[in-house]
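The next block holds one structure in the form of C-alpha cells; read it before the comments.
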Amino acid sequence: MQLAQYPAKIAAAQRKLLDQKKRRSELHDALDQISREIEAEIAFDESLKNDSQRKSARIELQSEAPYQAAVKRIKRVDRAIALTEIALNLLENEFAVAKITARDAIARLEAKA
C-alpha cells in the first residue's frame with residue numbers, strides 16, 4: 001500500500017469502529033428494555049411470594065429467546081469491535097513503519113549527496 005493511502009484506510013477503520021460501537025450501545029439499550037420488562041413482569045406477578053421464587057422466575061425469563069438473542073447479538077458485535085480494533089492497530093502500526101522506512105530512505109539519499 002502506498003504511504004498516502006494509509007490515512008484514508010485508517011479513517012475508514014475508525015468510522016467502522018465508531019459504527020460498531022454505536023450498534024453495541026443500541027443493542028445494550030434493547031437488552032436493558034427487555035430486562036426492565038422482565039422485572040416488571042416479576043413485580044406484578046402475585047404468585048411469586050418470596051425472593052427465591054422471583055429469582056427463579058427472572059432466570060427462567062432470561063433464558064427465553066428474546067433475551068438470549070439480544071445477548072448473542074451483543075457478543076457478536078463485541079467480537080466485531082475487537083477484530084476492527086486489531087485491524088485499526090495494524091494499519092496504524094504499518095503506517096508508522098512505512099513513514100520510518102520512507103524517512104530512512106530519504107536520509108540515505110541525503111547522506112549519499
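Only heavy atoms go into these numbers, but all of them, side chains included; no hydrogens, no water, no symmetry mates. By convention here, the first residue in the shown sequence is residue 1.
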Cluster companions of F44 among Ile, Leu, Val, Met, Phe, Trp, Tyr (side-chain spacing under 4.5 Å): none

Apart from I81 itself, residues in the same hydrophobic cluster as defined by side-chain heavy atoms under 4.5 Å: M1, L3, Y6, I10, L17, L27, L31, I34, I38, I42, L48, L61, Y67, V71, I74, V77, L88, L91, F95

For E60, is the CD atom crowded, meaning more than 12 foreign heavy atoms sit under 6.0 Å from it? no

Measure the shortest side-chain to side-chain distance between K16 and Q20 over non-hydrogen atoms and say whether it is less than 4.5 angstrom. yes

Consider only side-chain N and O atoms of E37 and Q33, and report whether a donor and an acceptor are under 3.5 Å apart. yes

To the nearest 0.5 Å, atom CZ of R73 lies from atom CD of Q68 at 11.0 Å

Side chains of R54 and K49, heavy atoms from C-beta outward: is any pair under 4.5 Å? no

Validation row: P66, E64 side chains within 4.5 angstrom (heavy atoms): yes

Value rounded to 0.5 Å, distance of CG in N89 from CG in N93: 6.5 Å

Test R58 against Q62 for side-chain contact (heavy atoms from CB on, under 4.5 Å), laying out the working first. CA-CA 6 Å; R58 184 176 300 107; Q62 287 176 341; 3.8 Å; yes

With distance as the sole test, does T84 use its side chain to make a donor-acceptor pair with the main-chain N or O of A80 at under 3.5 Å? yes

Stepwise side-chain contact (heavy atoms from CB on, under 4.5 Å) check, K22 with L18: CA-CA 6 Å; K22 180 182 176 205; L18 183 63; 5.9 Å; no

Inspect the contact between D19 and R23 and indicate whether a charged nitrogen and a carboxylate oxygen are less than 4.0 angstrom apart. no

Quick check against the 3.5 Å criterion: does S25 have a side-chain atom that pairs as donor or acceptor with the backbone of K21? no

Are there more than 12 heavy atoms of other residues, nucleotides or ligands under 6.0 Å from atom CZ of R36? yes

